[in-house]
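Here, residue 1 is the first one in the sequence, and each next residue gets the next number. Since the structure is predicted, the reported quantities are computational estimates derived from the model, not experimental observations. Just so you know, ligand 1 is whichever comes first in the structure, and atom 1 is the first atom listed for that ligand.
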Amino acid sequence: MRTQSTDVLIIGAGPAGLMAALVLSMMKVKVRLVDRRLSHEASGQADGIQPRMIEIWESLGIGSELRERSEHVHRMVKKILFPALNGLILELKVTYSPTADRAGIEETQGSDVEHLSTNSEVSILARNDIIEEILEERLKVEGVVVERSGVPISLDVESQDQDPYPVKVKVAWLNEQIIREKNVSQEARGDLESVDGLVEKFECIPAKFVIGCDGGKSWTRRQLGIAMEGNQTDLDWGVVDFTPRTNFPTPRTKNIIQSPLEGFLGYLPRPNGAARVYVMLGEGKEEKVVSGDECKRIIAGKMRRGFAPYEMEIENATWCAIFRVSQRVAKRFSGHGRIFIAGDACHTHSPKAGQGANASMSDTFNLAWKIAYVVRHQARLDILETYEQERRPHSLELIQLDRKIFRLFSGQTIIPTDYTSLWHEQMLFVSGIGLRYSSQLIDSSGQFLAPGLTIGERIPSSEVIRTDDWRPLNLHDICPFDGRFRLFILPGSVLEECNVKRLAAFNSSIAAKGEQHEVLTERLETCIIDNDPSTVVESIPLLRVISGSNDRVYFDRNATSGGVYNIWQIASHGIAFMVRPDAHISSIVAMDEAGICAIKKYFTSWTDLS
Ligand code: FAD
């Protein structure tokens with residue numbers, strides 16, 4: 001048996017597993033990623049990438065690839081009445097409603113739109129295989145490839161004091177040719193006896209940590225004996241990916257259709273003129289298993305009536321399924337302090353809010369940088385408890401939303417105003433923008449210093465100008481993911497002498513602490529945001545001297561028209577706020593000695609910094 005140990009073993013290379021591998025490898029942590037699927041075999045069925053996830057992809061340097069290879073949702077209604085704030089228009093409305101005679105549907109006339117403040121201009125429709133392809137390409141740059149086809153068969157945890165690699169996972173490597181020849185299904189690959197010659201060899205992989213990203217029926221979760229809490233709905237849904245033959249007026253936009261004949265239908269454009277449609281099949285006593293042709297026939301019939309008076313015919317169906325939704329969340333997200341589950345392994349729900357892959361990648365984006373800190377001896381093991389503290393409440397909220405959507409759709413007709421107000425209410429949640437974490441890695445005590453800047457949320461999308469080259473940038477542009485914390489110092493106008501003195505003292509204290517504690521310097525990048533564009537030319541040289549850097553001095557782009565100082569309600573003596581590697585604000589401190597102590601205390605609370 002060959003053995004190659006690893007810092008982190010990831011089981012499952014869907015969106016969650018690939019995101020975990022990318023973040024860890026970008027932070028120079030050794031990973032191995034095992035999947036039972038052969039390359040180009042499909043697994044997840046994600047479609048919608050929400051604004052916060054687009055920001056995350058941008059921060060990982062893969063946003064442009066995502067944009068290039070996907071469909072962009074700019075509108076869902078006929079009229080867009082307002083220009084978007086910060087470039088984003090995100091609006092979700094019932095786009096087709098019943099005609100007066102209830103014989104068919106017609107486009108809903110006029111509507112207002114929702115605005116969100118984000119650096120991303122649209123939500124994006126990207127197929128699961130495209131999401132995975134881009135992540136895999138990026139991973140290759142980090143020297144990581146998915147190892148296929150492997151299934152874990154046992155998991156043991158040994159004494160953590162003695163062994164640097166206490167988790168041992170035995171993996172069976174399968175024969176690809178046999179899988180193809182005998183057409184062994186993905187599910188059946190775990191049953192090693194099912195087909196002669198299926199197993200090529202075994203390997204025991206010693207690891208410091210294991211992340212189970214192995215989907216809704218997670219093997220890892222079962223090894224840990226973690227129960228899923230919640231229940232299964234009794235509504236059947238149909239979904240088909242196809243090329244439409246249609247005279248439907250808006251086939252290249254996302255459409256929510258309320259048909260008087262067939263209830264809810266969802267229509268999503270996909271690349272190359274293709275589309276996905278969801279139909280509601282109604283209450284069934286038990287889950288039906290129907291073949292591809294039968295499935296297509298049922299869905300096609302629903303679509304024909306649902307889109308009337310427009311023609312909507314299925315050509316070249318590439319995937320269709322009838323499914324029933326479980327709304328469940330895992331009771332725990334980890335075991336033995338070293339084994340974690342993420343993605344669909346932790347939460348299952350309907351695809352109605354387009355959240356599954358987003359939530360799954362958000363799970364591992366949250367977890368992976370923390371594991372990297374522990375592996376690099378920059379954080380204590382207990383920091384990993386914050387993964388469940390931060391992500392499980394989000395999963396529970398997601399299930400609540402799913403239940404509300406279900407209730408709305410399970411009636412024969414959707415009441416458009418109910419739908420709109422649910423979306424209005426949930427917009428920040430659905431987009432991922434409003435996600436607020438609370439754990440020992442979030443210190444809310446300084447919230448009063450900047451009431452407009454919410455501790456625990458991701459940094460707002462705000463415009464600044466870099467004084468080095470006068471380039472307008474978004475705060476998210478200056479926080480690319482590199483595993484570091486960032487400290488933004490907002491001193492107020494530096495033409496006021498007292499502010500300059502405070503800034504210089506604060507900054508040199510941080511630098512001195514950094515010298516004392518290498519780990520702090522390595523971890524913390526400081527940036528200054530001045531608020532006074534009228535005087536900025538005079539103040540730049542001074543700020544550069546104080547900050548010791550040319551390219552980390554910015555000024556508030558919209559200072560004269562109520563910019564960030566105004567929006568965030570910055571305390572008059574200036575503040576500093578700290579941003580975690582995942583762009584969530586972890587604390588706000590005053591720009592004085594107490595602030596320095598608070599920053600040090602923050603790091604001391606989860607590292608061995610003394
Ligand atoms: P998966 O994508 O399920 O990946 C799990 C991986 O683990 C797979 O590669 C699998 O091969 C591997 N694996 C499993 N068991 C083992 C094992 N024993 N050994 C080795 N490998 C194993 N999400 C959205 O965000 N937006 C949407 O619009 C959306 N639409 C959807 C529409 C439909 C019809 C469906 C069904 C889902 C939709 N989803 C959507 C949900 C989304 O597909 C999932 O939430 C997402 O794929 C979960 O990612 P994951 O990495 O956790 O799991």
Side-chain angles (χ1 to χ4, degrees), residues 9-21 32-50 52-54 70-71 73 123-129 131-132 135-136 146-155 169-174 185-192 210-223 237-241 254 266 268 270 276-279 299 319-326 330 341-364 395 398 402 430-432:
L9 172 68
I10 300 164
I11 303 168
L18 291 164
M19 174 63 80
R32 288 186 67 184
L33 181 51
V34 175
D35 200 292
R36 68 184 180 194
R37 257 188 304 154
L38 304 180
S39 45
H40 304 301
E41 272 185 327
S43 170
Q45 297 298 340
D47 228 348
I49 296 293
Q50 305 295 345
R52 174 62 192 138
M53 192 44 63
I54 302 172
S70 56
E71 287 290 306
V73 179
S123 82
I124 273 180
L125 297 174
R127 292 194 320 257
N128 218 77
D129 57 318
I131 296 172
E132 291 177 0
L135 287 169
E136 279 196 52
V146 181
E147 299 177 63
R148 305 172 189 275
S149 159
V151 285
I153 50 172
S154 69
L155 184 153
V169 179
K170 190 170 171 190
V171 172
W173 293 110
L174 309 181
S185 73
Q186 293 178 32
E187 293 275 321
R189 288 172 206 173
D191 181 2
L192 305 182
V210 169
I211 315 180
C213 301
D214 43 356
K217 295 184 179 157
S218 172
W219 175 89
T220 317
R221 189 184 65 224
R222 279 180 279 127
Q223 302 313 299
W237 297 83
V239 56
V240 60
D241 289 349
K254 185 169 172 178
L268 307 172
R270 310 193 105 206
R276 170 177 291 182
V277 166
Y278 289 101
V279 296
I299 295 172
W319 178 66
C320 78
I322 290 178
F323 62 94
R324 190 173 293 180
V325 173
S326 293
I341 50 172
D344 277 12
C346 297
H347 36 73
T348 55
H349 45 85
S350 83
K352 293 288 156 306
Q355 294 292 304
N358 293 271
S360 300
M361 289 187 279
S362 297
D363 284 347
T364 47
S395 305
L398 184 52
D402 206 48
V430 171
S431 65

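- Screening Glu187, Glu41, Arg148 for a side-chain contact (heavy atoms from CB on, under 4.5 Å) with Arg36, the sole residue that qualifies is Glu187.
- Residue Trp319 touches ligand 1 through its side chain alone, judged by heavy-atom distances below 4.0 Å.
- Residue contacts with ligand 1: Ile11 is placed with no nitrogen or oxygen under 3.5 Å of a nitrogen or oxygen of the ligand (distance criterion only).
- Using a 4.0 angstrom heavy-atom cutoff, Pro15 counts as in contact with ligand 1.
- The residue Lys217 has no part lying near ligand 1, judged by heavy-atom distances below 4.0 Å.
- Among the atoms of Ala357, some N or O lies under 3.5 angstrom from an N or O of ligand 1.
- Polar contact check, Asp344 against ligand 1: a nitrogen or oxygen pair lies under 3.5 Å apart.
- Among the atoms of Glu132, none of the N or O lies under 3.5 angstrom from an N or O of ligand 1.
- Of the N or O atoms in Gly356, one or more lie within a sub-3.5 Å distance of an N or O in ligand 1.
- When heavy-atom distances to ligand 1 are checked against a 4.0 Å cut-off, Ile49 has no atom that comes that close, whether in backbone or side chain.
- Residue Arg37 has at least one nitrogen or oxygen atom sitting less than 3.5 Å from a nitrogen or oxygen atom of ligand 1, judged on distance alone.
- Applying the 4.0 Å criterion to heavy atoms of Gly343 picks out, from ligand 1, the atoms 52 (O).
- Put simply, CD1 on Ile10 and CE on Met19 are 11.5 Å apart, with the number rounded to the nearest 0.5 Å.
- In plain terms, the two heavy atoms of Ser395 and His347 that are nearest each other are OG-CD2, 3.2 Å.
- The option from Gly238, Ala345, Gly215 that lies nearest to atom 53 (O) of ligand 1, judged by heavy atoms, is Gly215.
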